[in-house]
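Note sheet for the following structure.
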Amino acid sequence: MSDLILEMDGIAKSYGGIEVLHGVHFDLYSGEVHAVIGQNGAGKSTLMKILNGVTVRDGGTIRLDGREVLYGSPIEARKHGIGMIFQEFSLVPSLTVSQNVFLAKEPRIRALILNDKKCEERTASLLHEIGADDINPRQLICDLSTGSQQMVEIAKALSSESRIVIMDEPTASLSHKEIEKLFKVIGKLTEKGISIIYVSHYLQDIFKICNRITVLRDGNRISTKDVSETTMEETINDMLGERLIAKRTRTRPSDEKAADTLLEIKDLSVGKHVRNVSFTLRRGEILGIAGLLGSGRSEIVGAIYGVLKKSSGEILIRGNKTNIRSPRDAIKHGIAMVPEDRRKQGLVMSFSIKENMIFPILSKILKYRLIRDREGLKIINGFMEKMSIKAAGPWQIVKSLSGGNQQKVVVAKSMMSDSSILFLDDPTFGIDIQSKQEIMNSVSEFADAGNGVVFISSELDEIVSYCDRIIILKKGEITDMLDCNKRSDISEELLTKMIQ
Amino acid sequence: MSTRNSLMGKAKFNDYVVYIVCALIFVFFSITLHNKGFFTGRNLMNIIRQTTMISVMAVGMTFVLSCGEIDLSIGSVVAISAMITAVLLRYTGVFFAVLGGLATGAVIGLINGFFVTVVRIPSFIVTLGMGAIAGGFARLITNLESVPVANDAFNFIFGSGDVGPVSILFIWTFVLLLLGQLVLRKTRFGRYVLATGGNKTSANYSGININRIKMAVLILNGVLASFAGILYTGRLHGARYSLGDSDLLLVIAAVIIGGTSLFGGKGTVVGSIIGSLIMGMINNGLVLMGLNVSLQMIFRGVIIIASVSLSLRGAKEG
């Protein structure tokens, strides 16, 4: 391969006395796409922040082209040819494309006056270089799609002649088309000898476009391998470590033991989205709904929970007909729900873990209408341990938790109320693998205790691993119902085919 | 696609609404106050004369709001700077008196900036407190006495003079309009102000020293407010602690109506000046209508809320 342009050696960093990077090594060849992966908290964002100059390292050296460099701010990093493309919040929405691309390095007429024309011309040629001619340099950022904004970010990195471009979860909010376009741009950049550091959770993408993969775990570098010499399984093992290799699959209760029906849905229709859906949920069962986005999967649980209005159909809980019109009614009937968008619907972000978790148990810990904090804390601590929520303590503000831990708080909340029916709408979306497993394990335990769970997920392997029965939903109708105790051929591939 | 178009349509509407409101109010008063002399050269120049101080402060406030901050101390800065300038005129010449007045504003801006950028208190609170402090000092300096100014050169340059048929205040407004628009639109500083207000994190990561920008904006605003105080002094041939008392609301309303975002990132000096003229016309029109002070207050409040609501329509996407 070509020349080594970047070497980071023995990089160490501590926050508040806790070391999060223990002497990490990382290197980069010119024209290479090098993936950095690891679970949340593995240290990859800290490492990237150090490289980008946002964070100052405690120890270690950074060498560019074999020469040691020292810098302590993003501006200085940029002067060394290191640019970063952030996950979000990195463009000024009220300024135009060209104003953003040349922000803080505007071409000028004389010393004082900005040269907008030159700025726009140069932006247009940069955009042309990466094949994004459809973007007008004069457009406001807030009028652009997410994908186009990312192209602007890339142009911005190129405008300062970056040789190393760090991309942090670049595909997270892009459509399939936009992702394809991004990969083409990455190809063009590497042809020019620009190196890409690609930070992502999406392993399939990584195996498609990267040359090498560095895996970080708990602040250590575990491995750096050529993509051609490793496999996805090996990479996942490196990420998770020894203790988590064995994937726990649920021990499914046999059909004979399947006791009384908890929830029965008869001929449920919700507008255009759901047509005549009927199913039952039994005690101790996890019922999966496999369907594509837009298949009506969220609308089914939404209608049962009283968020959406149902057009027709009956809901029977423990054999009794009910009339649920609002989430309040649903909660009274013992239904809890983990909604799709945890930030908007599930949590008060500025509250602490305790303040969030105390809502569902308020009635239990009231005495003379006053909250008995100590009682509450006991229950909350129990759940935090059970769900392995990683936080400094129950007083930590939810906003400052990682996505995985935030989601654990949401799930814990739904289990803490005395509900016996739990709806989970894509509860593991966008969170790290370990948190996923921890959440699903506690959901399993919840079901084993004699409760029922309806589980929706975009990740079909999770449905395969954890569900007892699976509803196949296509365009608002149930096309099949699989019983995992009776069929042994159920796999991710099978489900993927069935829902198309 | 259609939603994006309609959003842009709304944004455009929002950019021009200030001119529409201005024209509407102008036409309304021209017709209803036809026989009370609203639409006469003398009265129109009078409106500009009365509006200049608001315009000057509105230029500064445009920068402050564009930067994502706010400055509620300007009313008191007007008063204390006017008092200090007037008192200094007893002892020194025009140059040092004016310099002293402007320095007062700069120092207050600097203190505001210190608390906003170093101690990290929201500007809303800092400047609210600073307004009280400065207001107190303005009263303390002469024990509530007003200070007359008999310096003719000062009075001519800073408010009372006319150059031909044109009031010197009109010239000051025009100069500040040009300078303000140039700085905001065409210089690095202006661009950095908009970037800081539009997205602090991004501005910071791009290499902009956002604290320095905030500091500079608050100092600039202090200086412009004290300049408004000096103009008041020149126009009224003296200073009182009550100068600038009711200007804060007018200034903020003028800037918002003009199209500057209350949440930062978007600003226009031209719009702010037009917004100030709207405020001036409203004041003038209400007086000509013969309303008493109490009714003027009520109507002014109603009209301000109505026009700001109109100008914020469609601008809420942030």
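The shown structure was predicted, so the numbers you read here are calculated from the model rather than taken from an experiment. Heavy-atom basis, side chains included; hydrogens, waters and symmetry copies ignored. Chain identifiers are assigned alphabetically (A, B, ...) following the order of the sequence lines, protein sequences preceding nucleic acid strands; residue numbering begins at 1 within each chain.
- For chain B, the option among Asn115(A), Ile141(A), Ile113(A) with the highest count of heavy-atom pairs below 4.5 Å is Ile113(A).
- Heavy-atom pairs under 4.5 Å with chain B were tallied for Ala104(A), Pro74(A), Gly53(A); the largest tally goes to Ala104(A).
- Using a 4.5 Å heavy-atom cutoff, the side chains of Leu189(A) and Ile154(A) are in contact.
- Under the side chain to side chain contact (heavy atoms under 4.5 Å, CB included) criterion, Phe170(B) pairs with Met45(B), Ile48(B), Val166(B), not counting sequence neighbours.
- Only the side chain of Leu95(A) comes within contact range of chain B, with heavy atoms under 4.5 Å apart.
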Stepwise salt bridge (charged side-chain N to carboxylate O under 4.0 Å, His left out) test for Asp116(A) and Arg191(B): CA-CA 11 Å; Asp116(A) 282 334; Arg191(B) 185 65 50 77; 3.3 Å; yes

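- By the 30° and 60° cut-offs, the orientation of the rings of Phe227(B) relative to Phe158(B) is perpendicular.
- Per-residue counts of heavy-atom pairs under 4.5 Å with chain A were compared for Ala203(B), Ala195(B), Gly190(B), Ser261(B); the largest is that of Ala195(B).
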